[in-house]
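To start, the structure under review is shown below, and the notes come after it.
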Amino acid sequence: MENKKDTCAVQSRLVVVTGPTAIGKTRVAIEIAKAFHTEIISCDSRQMYREMHIGTAVPSAEELATVPHHFIGNLSIHDYYNVSMFEQECLQLLDNLFQTYQTVIMTGGSGLYIDALCNGIDDFPTVDTEIRETVTGWFETEGIEYLRRQLKMLDPEHYARVDLRNYKRIMKAIEVCLQTGKPYSSFLTSQQRLRPFEIVKIALNRPREELVANIHRRTDAMMEAGLLGEAESLYPYRKLNALNTVGYKELFAYMDGLHDLDTAVELIRRNTRRYAKRQLTWFARDTAMQWFHPDHIDAMVETLHS
RNA sequence: GGUACCAUAGCUCAGUAGGUAGAGCAACGGACUGAAAAUCCGUGUGUCCUUGGUUCGAUUCCGAGUGGUACCA
C-alpha cells in the first residue's frame, strides 16, 4: 500500500474546508465534494454526538443523503473522547477512503482537531478515569493554587511555561504526570508529523456584520426548530462535557431559573459570536490557509483543479 | 402652546468645585498539545447635542436653538 502511493503519479489529497461557525461550511463542502465525486469527513467536536442535532447545526437529512459524511452522530454524549482519538480514527478512515478517492473533503470548525490531523499531536498515555477524578477533586476542594504547587513539584519545566491561570491546562499536565510518573513536558516534542497525502486548507470568511447576521438568523432558526425541547431532553445530562456547549448551557441556565428565555437566546447569540471570533483567531495563525468568501465556490473548485 | 427636567462610549449611566472624561454590559484583540462550541488573558473605542457668550482655558457656568421625557393646558 505504501509503495503504491509512493509510485503513484497523482497523490492523494485532503481538502480541509473550515471557518467560523455559521459561515456556510456545510454547503461549500458539499458542493466541492460533488465536484470531485467524493466523501466528507467532519471535524466538528460537537456534531459527533448523536443526541445533539439542532444545537450543533448538523447537515440536514437531504444534505447527508447527497454526499456520504463521516464522524457525524458517531458518538454518544456519555462517551469519553479526545483529539488524539480523532486523529487516529481519522487517519485510519482516510487510509480507506484514499483507496477509492484521490481527493477527500474534511470540514468543520474545531481548530485543534484540524491541527491534530494535519500536523499530528504528541503521544502520551490516556489518563485513567480515577486519576482525572482525583485531580478534578483537588481543583474543586483545594483550589487552583494547590494545583500550581503540585505541578511545580511534578514538572517545573512545564510550570514555567504554562498559563498558570488556566486550570484546565494545569490539570491536564498533572494528570499525565501522575499517570506516567514522568513530567508532562517530557512528552512534548513540537515535531510536525508528515502525512502520506497532500493537504489543502480552505478557510471561509465574510464581513463581520454579515457573519453576525447569520449567527443571529441561525440562532432563531434553531429555536424555531425546537432547540428548547432538545435541551430539555438533555437536561439530566447537563454536567457532561459534551453539553458544555453553546446553545445548550444557556438553556440549562434558563431551566434552572437563572434568567428568562429571551435572555437565554440573547446569551446564545453572544456566546456564538465570541466562539466565531476565537475560531477566526485560531485559523488566522495558520499561514497555509487560503481564504475565500463562502459564495465563491467556483473559485475554490478552480483552485483545487489547478 | 406653557412649565420643569434631561442630552457624555454601541447601550444604561457616573463625573469634572472650569484644566478635553470612566464604570457595568456590549464590542474589539490575543493565547491554545487528549474536556477545544472548552479554558484562559489583554484593550476605552468619545465633535461630552449644536451654536453664541463669559474666561488664559468651557463637556462643566450663562443665553439661544434642536431633540427627548414628564406634567399642565
Salt bridge or not for A:Glu31 and A:Arg27, using N-O below 4.0 Å? no

So A:Gly55, base contact, sugar-phosphate only, or nothing? Heavy-atom distance under 4.0 Å. base

For the pair made of CD1 in A:Ile131 and P in B:rG34, what is the distance, rounded to whole Å? 16 Å

If you compare every side-chain N and O of A:Tyr80 against the phosphate oxygens of B:rA35 (OP1, OP2), does one of them come in below 4.0 Å? yes

Quickly work out the A:Tyr49 OH to B:rA35 P distance and round it to whole Å. 10 Å

Once you apply a heavy-atom cut-off of 4.0 Å, does A:Asp123 come out as touching a base, just sugar-phosphate, or nothing? base

Just the rounded figure in Å: distance from P of B:rU33 to CD of A:Glu175. 14 Å

Can you find a pair of side-chain heavy atoms, one from A:Thr263 and one from A:Tyr254, that are under 4.5 Å apart? no

Output for pair (A:Glu51 CD, A:Leu234 CG), nearest 0.5 Å, gives 7.0 Å

P gap between B:rU69 and B:rG52, integer Å: 28 Å

C1' gap between B:rA9 and B:rA36, integer Å: 34 Å

I want to check something: taking the side chain as every heavy atom from C-beta on, are A:Trp282 and A:Ile114 in contact at a cut-off of under 4.5 Å? no

Check this one for me: any side-chain N or O of A:Arg132 less than 4.0 Å away from OP1 or OP2 of B:rG34? no

Counting the benzene-type ring for Trp, do A:Phe86 and A:Phe71 have ring centres under 6.0 Å apart? yes

Between A:Thr126 and A:Ser110, which residue's closest nucleotide on RNA chain B lies nearer the 5′ terminus? A:Thr126

Might you list the N or O atoms of the protein lying below 3.5 Å from N or O atoms in nucleotides 41-43 of chain B, with each pair's distance?
none

Separation of B:rA36 C1' from A:Asn166 CG (nearest whole Å): 11 Å

Side-chain N or O of A:Thr281 less than 4.0 angstrom from OP1 or OP2 on B:rG30? yes

Please report the distance separating the C1' of B:rU60 from the corresponding atom of B:rG18, rounded so that it comes out in whole Å. 6 Å

Would you please confirm or rule out a distance under 4.0 Å between OP1 or OP2 of B:rG30 and any side-chain N or O of A:Lys277? yes

Heavy atoms under 4.0 Å, any strand shown: does A:Tyr248 hit a base, just sugar-phosphate, or nothing? nothing

To the nearest 0.5 Å, what is the distance between CD (A:Glu175) and CZ (A:Phe124)? 9.5 Å

Looking only at atom C1', what distance separates B:rG24 and B:rU43, rounded to whole Å? 16 Å

For A:Thr245, answer base if it contacts any base atom (sugar-phosphate contacts may also be present), sugar-phosphate if it contacts only those atoms, and nothing otherwise; contact means non-hydrogen atoms under 4.0 Å. base

Applying a 4.0 Å non-hydrogen cut-off, can you work out what A:Met171 is touching in the nucleic acid: base, sugar-phosphate, or nothing? base

For A:Arg208 and A:Arg278, find the nucleotide of RNA chain B closest to each by heavy atoms; which residue's nucleotide sits nearer the 5' end? A:Arg208

Take atom C1' in B:rG65 and the same atom in B:rA26, then report the distance between them in whole Å. 34 Å

When rounded to the nearest Å, what value does the distance between C1' atoms of B:rU16 and B:rA58 take? 11 Å

Rounded to the nearest 0.5 Å, what's the gap from CG on A:Leu227 to CD on A:Glu250? Could you check? 9.0 Å

From the candidates B:rA36, B:rC28, B:rG34, the one with an atom nearest any side-chain atom of A:Val83 is B:rG34

Nucleotide of B:rA36, B:rG34, B:rU33 approaching A:Asn241 most closely (side-chain heavy atoms): B:rA36

For salt bridge (Lys or Arg N to Asp or Glu O under 4.0 Å), just list the numbers for A:Lys25 and A:Glu63, CA-CA rounded to whole Å, side-chain angles, deciding distance to a tenth of an Å, and then say yes or no. CA-CA 12 Å; A:Lys25 296 186 289 294; A:Glu63 287 171 328; over 6 Å; no

B:rA21 to B:rG44 separation - C1' atoms, rounded to the nearest Å: 11 Å

Nearest to the A:Asn244 side chain among B:rU33, B:rA26, B:rU39, which nucleotide is it? B:rU39

Scanning both residues in full, the closest heavy-atom pair of A:Cys118 with A:Lys201 reads SG-CE, 3.8 Å

Separation of B:rA36 atom P from A:Glu87 atom CD, nearest Å, is 15 Å

Does A:Arg274 make a side-chain N or O approach to OP1 or OP2 of B:rA26 shorter than 4.0 Å? yes

NA contact type, A:Phe187, heavy-atom cut-off 4.0 Å: base, sugar-phosphate, or nothing? nothing

Output the rounded distance in Å from CZ (A:Phe283) to P (B:rG30). 14 Å

To the nearest angstrom, the CE-P distance between A:Met48 and B:rG34 comes to 16 Å

As an exercise, state the distance from CD1 of A:Ile23 to CZ of A:Arg206, rounded to the nearest 0.5 Å. 5.5 Å

With both pairing distances under 3.5 angstrom for Watson-Crick or G-U wobble, and | for a partner in another strand, the correct string for RNA chain B is (((((((..((((.....[..)))).(((((.......))))).....(((((..]....)))))))))))).

Could you tell me if the side chain of A:Glu39 sits less than 4.5 Å from the side chain of A:Thr100, heavy atoms only? no

Taking 4.0 Å as the cut-off, does a side-chain nitrogen or oxygen of A:Arg169 come that near to OP1 or OP2 on B:rU33? yes

With syn defined as a glycosidic torsion within 90 degrees of 0 and anti otherwise, which applies to B:rG34? syn

Give A:Arg269 one of three labels, base, sugar-phosphate or nothing, depending on what nucleic acid heavy atoms sit under 4.0 Å from its own. nothing

Distance below 4.0 Å between A:Tyr184 side-chain N/O and B:rG34 OP1 or OP2: yes

Contact class for A:Asp44 vs. all strands (heavy atom < 4.0 Å): base, sugar-phosphate, or nothing? base

Interatomic distance where CG belongs to A:Leu117 and P belongs to B:rG34 [whole Å]: 16 Å

List the residues meeting salt bridge (Lys or Arg N to Asp or Glu O under 4.0 Å) with A:Glu266, not counting sequence neighbours, and say none if there are none. A:Arg269, A:Arg273

The reported gap from SG in A:Cys90 to NE2 in A:His70 (rounded to nearest 0.5 angstrom) is 10.0 Å

How would you label the contact of A:Arg193 with the nucleic acid (heavy atoms, under 4.0 Å): base, sugar-phosphate, or nothing? nothing

When A:Gln279, A:Arg278, A:Lys277 are each screened for side-chain hydrogen bond (donor to acceptor under 3.5 Å, both in side chains) with A:Tyr275, the one that passes is A:Gln279

B:rU50 and B:rA31: how far apart are their P atoms, nearest whole angstrom? 40 Å

Can you tell me if A:Tyr113 touches the phosphate of B:rA36, counting only side-chain N or O atoms and a distance under 4.0 Å to OP1 or OP2? yes

Proximity to the side chain of A:Arg270 - top-ranked nucleotide from B:rU33, B:rG29, B:rC25: B:rC25

Is A:Thr272 touching bases, backbone alone, or none of the nucleic acid, heavy atoms closer than 4.0 Å? nothing

Selection from B:rG29, B:rC40, B:rU33 that lies nearest to any side-chain heavy atom of A:Ile121: B:rU33

